[in-house]
Asks: 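Input: one structure, supplied below.
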There are 4 protein chains.
Amino acid sequence: MTSPRRAPAAARRSEATRRAILDAALDLAAEVGYARLSIEAIAARAGAGKQTIYRWWPSKGAVLFDALLALSDGADGPAELPDTGDLEADLKAVLRATVEEFADPRVSEPMRALSVEVLLDERLAAEYRERLDGPVRAMKLRRLQAAREAGQLAPDADLDIVLDMIWGPVRDRWLYREGPLTADFADAVVETALDGLRPRP
Amino acid sequence: MTSPRRAPAAARRSEATRRAILDAALDLAAEVGYARLSIEAIAARAGAGKQTIYRWWPSKGAVLFDALLALSDGADGPAELPDTGDLEADLKAVLRATVEEFADPRVSEPMRALSVEVLLDERLAAEYRERLDGPVRAMKLRRLQAAREAGQLAPDADLDIVLDMIWGPVRDRWLYREGPLTADFADAVVETALDGLRPRP
Amino acid sequence: MTSPRRAPAAARRSEATRRAILDAALDLAAEVGYARLSIEAIAARAGAGKQTIYRWWPSKGAVLFDALLALSDGADGPAELPDTGDLEADLKAVLRATVEEFADPRVSEPMRALSVEVLLDERLAAEYRERLDGPVRAMKLRRLQAAREAGQLAPDADLDIVLDMIWGPVRDRWLYREGPLTADFADAVVETALDGLRPRP
Amino acid sequence: MTSPRRAPAAARRSEATRRAILDAALDLAAEVGYARLSIEAIAARAGAGKQTIYRWWPSKGAVLFDALLALSDGADGPAELPDTGDLEADLKAVLRATVEEFADPRVSEPMRALSVEVLLDERLAAEYRERLDGPVRAMKLRRLQAAREAGQLAPDADLDIVLDMIWGPVRDRWLYREGPLTADFADAVVETALDGLRPRP
DNA sequence: TATTAATCGAGACGGTACGTCGAGTCTTTAC
DNA sequence: GTAAAGACTCGACGTACCGTCTCGATTAATA
């Protein structure tokens with residue numbers, strides 16, 4: 001049984017060229033932004049032929065996808081979120097790190113570019129959820145699960161929604177440039193989410 | 001005090017053509033999606049010359065912007081969110097309405113198209129926040145303010161963050177197509193946000 | 001019986017605007033050449049509305065036509081070619097004057113522009129022959145006629161062709177920029193035409 | 001020594017497309033005339049992309065130029081004018097052929113279009129003289145030279161001017177539509193030029 | 001002298017074509 | 001067989017003018 005066959009035989013593929021293309025995509029996204037990010041420019045910057053890109057990736061978004069995947073694989077972040085026992089502190093630390101990442105154009109701009117592609121391309125969106133967002137989300141859920149088991153979260157909380165309530169505001173503020181994206185903001189989000197909105201008795 | 005003067009004298013402007021262009025933009029966005037939404041197509045559909053669009057709008061995003069503005073002006077929704085005294089019920093009602101809007105391609109597709117433009121164009125983003133998102137946001141804040149004064153929200157809650165925690169998850173789920181966007185989901189979000197994440201004593 | 005009525009009642013016509021338009025046409029032709037000579041530019045330069053041009057002239061060529069007509073009316077050259085009795089000397093004098101006119105961009109460039117219009121527009125060509133070229137040609141023919149009667153030209157010469165043989169080479173050299181357009185060239189043309197090509201016994 | 005390099009590497013150039021474009025240019029010029037001859041129309045008729053035209057030719061005039069060059073290369077007319085020993089007869093034959101060519105819209109209309117371009121574009125004019133008009137002119141001069149050596153032309157005649165005196169009137173009459181362009185007219189021009197204007201003793 | 005109708009400047013309008021960019025496909029040559 | 005190179009068709013971009021069409025605001029002949 002063969003795999004869905006989404007690319008030609010990878011055996012002869014040039015790894016150097018592959019890396020050059022992903023690097024060029026990242027660099028160009030950071031430099032000129034999504035609007036001016038063209039396949040032609042990526043190929044030229046990478047010293048590759050256009051066809052080489054089309055041979056291995058179905059779309060510009062897919063290139064960005066792999067480029068960002070390579071970026072995070074390279075960093076090879078911890079497979080798990082920190083668990084010091086103090087949920088609030090741990091979440092603040094992680095969210096502050098996220099805020100810092102968004103401040104780095106080398107990450108932020110390709111991410112924005114990929115976001116646009118994902119917003120427009122349902123197939124890419126599915127792949128994005130599965131391969132990029134998914135694992136991170138699962139990791140976050142595991143930490144929340146642990147917290148719930150430790151009695152730090154309401155036992156009946158819908159953890160998916162909890163997750164969106166914590167990371168969503170940060171992502172939105174970045175995506176729509178809705179306000180300053182600072183560590184203080186990250187802290188405030190965590191506190192507000194944990195305490196809930198109703199007055200405590 | 002004069003405005004920044006971003007367009008020629010509006011006196012002679014043809015209202016019929018303006019409407020035709022906005023309608024065409026809305027129709028086309030709903031029909032073919034952002035990817036295939038071109039100024040040329042809008043002009044052709046509207047029976048207008050391209051130059052007429054360029055005369056009055058600086059970008060495709062600006063057209064979409066006005067088109068959606070006109071759509072909501074037309075609806076001329078309530079200037080205030082409902083206030084029955086029951087915050088939870090009111091929020092659920094509003095959020096369910098939002099979910100329903102997202103289900104209508106005539107609203108959802110132009111909105112997605114505008115979102116993409118806003119994500120990419122800082123100037124448009126500023127205008128978006130000021131003229132489209134801003135008033136709605138202010139209205140939401142007023143309702144939360146009233147709730148806080150009525151003792152239904154923690155007195156020290158940062159209402160901006162509260163707002164993002166409630167509407168953010170819905171918008172994100174729509175934007176990234178992260179899961180089914182249902183009335184139940186809207187209810188769950190409101191409940192989770194209000195109750196907070198920590199276990200109640 | 002009414003005239004062909006090719007323009008509205010001229011009574012109220014603004015003479016100042018008419019002059020401004022013709023001047024602007026001449027100036028612009030001399031400055032930027034035919035390629036960049038647009039009705040919009042003429043109107044702007046003249047401080048006139050486009051419609052004022054369209055009201056009185058059917059085409060850009062017609063404007064140029066009138067502009068050049070006004071130019072030569074202004075000069076109001078002699079109604080007849082000089083006749084000193086010496087045909088060769090007279091022709092040389094006239095042809096040298098023509099050469100000099102072609103060297104003046106204020107005449108040459110509008111003329112070139114008009115030529116292009118005439119080449120392309122049969123109706124304009126007819127009017128050109130009748131009202132601009134015609135009178136000049138008739139004048140030339142009268143001088144040649146006089147010369148023939150004075151026994152200085154072969155009695156059976158076709159004067160129309162003679163005329164083309166004398167002025168044609170000068171106009172062609174100007175039109176196609178085929179070589180230096182000098183007084184010497186004018187002299188040589190006259191001499192060659194008069195002497196004929198066959199060896200004299 | 002390298003050429004001025006005015007176009008990309010011609011190695012990969014599609015000959016079929018090149019022919020299709022030149023043919024389309026010729027056809028359209030003959031059909032709709034210069035005024036309506038657009039690059040877009042040529043591309044559409046040729047089934048080519050506009051960019052392919054812009055890649056290889058700098059202007060519409062250059063396309064027409066090559067098209068007419070191909071036309072005459074195709075005909076591959078005699079490398080020399082006929083020389084029966086009878087100059088008058090030979091010139092009449094050639095001039096009659098010219099008159100006939102002008103009567104064929106498939107030649108005449110593209111020629112008129114090219115003329116307009118040449119009139120307006122000095123660079124094109126230079127190329128025109130060098131590559132289209134030049135060789136023909138040299139051929140004509142050789143025939144006149146031979147005639148002069150055979151004692152059929154005045155030994156001191158300026159052959160360039162002679163040439164203009166013979167072919168100029170025909171071209172002018174065509175260009176400006178100044179009168180019927182017939183074989184008789186061609187004959188009369190040759191006779192008048194040869195006999196000269198002065199009365200023969 | 002006041003009326004009134006045509007002309008005026010201005011410029012928006014629906015169009016056509018421009019010349020450029022990039023998309024995605026195809027072909028040729030080198031490795 | 002992959003890769004670099006780059007020509008190809010196609011579609012859209014944003015711009016320049018076209019010729020037509022209103023708009024008040026002159027303005028000049030008529031009442």
Side-chain angles (χ1 to χ4, degrees), chain A residues 8-14 16-18 20-21 36-44 46-56 58-60, chain B residues 7-14 16-18 20 35-44 46-56 58-60, chain C residues 8-14 16-18 20-21 36-44 46-56 58-60, chain D residues 7-14 16-18 36-44 46-56 58-60:
Chain A
R12 295 177 178 277
R13 182 170 188 181
S14 157
T17 295
R18 191 185 141 269
I21 287 167
R36 275 184 256 284
L37 182 63
S38 66
I39 298 247
E40 297 217 326
I42 294 172
K50 267 202 298 182
Q51 194 52 44
T52 304
I53 296 184
Y54 283 108
R55 182 154 29 233
W56 298 107
S59 69
K60 186 166 60 175
Chain B
R12 302 191 183 289
R13 184 169 189 180
S14 156
T17 295
R18 190 184 140 270
R36 281 184 235 287
L37 181 63
S38 69
I39 296 225
E40 294 212 329
I42 295 172
K50 262 202 296 182
Q51 198 57 49
T52 301
I53 297 184
Y54 284 107
R55 181 154 35 232
W56 300 106
S59 67
K60 187 168 57 177
Chain C
R12 295 178 179 278
R13 182 170 188 180
S14 158
T17 294
R18 193 185 139 269
I21 288 167
R36 275 184 254 285
L37 182 63
S38 66
I39 297 246
E40 296 216 328
I42 294 172
K50 270 202 295 181
Q51 194 54 42
T52 303
I53 296 183
Y54 284 106
R55 180 153 34 230
W56 299 107
S59 69
K60 186 166 59 174
Chain D
R12 300 191 185 290
R13 184 168 187 179
S14 158
T17 295
R18 190 184 140 270
R36 279 184 237 286
L37 182 63
S38 68
I39 297 227
E40 293 212 327
I42 295 173
K50 262 200 297 181
Q51 197 58 49
T52 300
I53 297 184
Y54 285 107
R55 187 165 18 243
W56 299 107
S59 67
K60 188 168 56 177

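Each chain gets a letter, A, B and so on, in the order its sequence line appears, and its residues count up from 1.
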Asks: Without decimals, in angstroms, what is the distance between D/Ile42 CD1 and E/dG19 P?
Replies: 11 Å
Asks: Does B/Thr17 place a side-chain N or O at less than 4.0 Å from the phosphate oxygens OP1/OP2 of E/dG14?
Replies: yes
Asks: For E/dT28, does the base pair up with any side-chain atom of D/Arg12 as donor and acceptor (N or O, under 3.5 Å, distance only)?
Replies: yes
Asks: Using whole Å, report how far CH2 of D/Trp56 lies from P of F/dT9.
Replies: 12 Å
Asks: Map C/Glu40 and D/Ala46 onto DNA chain F by nearest heavy atom, then report which one ends up closer to the 5' terminus.
Replies: D/Ala46
Asks: Taking the six-membered ring of C/Trp56 as reference, does the NZ or CZ atom of C/Arg18 fall below 6.0 Å from its centre and within a 45° cone about the axis?
Replies: no
Asks: Which is true for D/Thr52 with a 4.0 Å heavy-atom rule: it touches a base, it touches only sugar-phosphate, or it touches nothing?
Replies: base
Asks: Do D/Lys60 side-chain atoms and D/Leu37 backbone N/O form a donor-acceptor pair below 3.5 Å?
Replies: yes
Asks: May I have the distance from C/Ile39 (atom CD1) to F/dC18 (atom P), rounded to whole angstrom?
Replies: 6 Å
Asks: For the pair made of CD1 in D/Ile53 and C1' in F/dC10, what is the distance, rounded to whole Å?
Replies: 13 Å
Asks: Please report the interatomic distance OG1(B/Thr52) to NZ(B/Lys50), rounded to the nearest 0.5 Å.
Replies: 11.5 Å
Asks: Would you kindly give the OH-to-P distance between C/Tyr54 and E/dC13, to the nearest whole Å?
Replies: 18 Å
Asks: Applying a 4.0 Å non-hydrogen cut-off, can you work out what C/Ala43 is touching in the nucleic acid: base, sugar-phosphate, or nothing?
Replies: nothing
Asks: Quick check on DNA chain E: between D/Ala41 and C/Ala48, whose nearest nucleotide comes earlier from the 5' end?
Replies: C/Ala48
Asks: Determine whether any donor atom in the side chain of C/Gln51 lies under 3.5 Å from an acceptor atom in the base of F/dC21, or the reverse, and answer yes or no.
Replies: yes
Asks: Say you draw a straight line from CD1 of C/Ile53 to OG of C/Ser59; how long is it, rounded to the nearest 0.5 Å?
Replies: 11.5 Å
Asks: Rounded to whole Å, how long is the line connecting atom NZ of D/Lys60 with atom C1' of E/dC18?
Replies: 10 Å
Asks: Is A/Arg55 near enough to F/dA3 that one of its side-chain N or O atoms lies under 4.0 angstrom from OP1 or OP2?
Replies: yes
Asks: Using whole Å, report how far CZ of B/Arg13 lies from C1' of E/dG14.
Replies: 16 Å
Asks: So does B/Lys50 reach the base of F/dG14 with its side chain, donor to acceptor, closer than 3.5 Å?
Replies: yes
Asks: Considering heavy-atom distances to DNA chain F, does B/Leu37 or D/Gly47 have its closest nucleotide positioned more toward the 5' end?
Replies: D/Gly47
Asks: Give me the atom names and distance for the closest heavy-atom approach of B/Thr17 to B/Ala48.
Replies: CG2-CB, 4.1 Å
Asks: Quick one: A/Arg36 CZ to E/dG22 P, roughly how many Å, whole number?
Replies: 10 Å
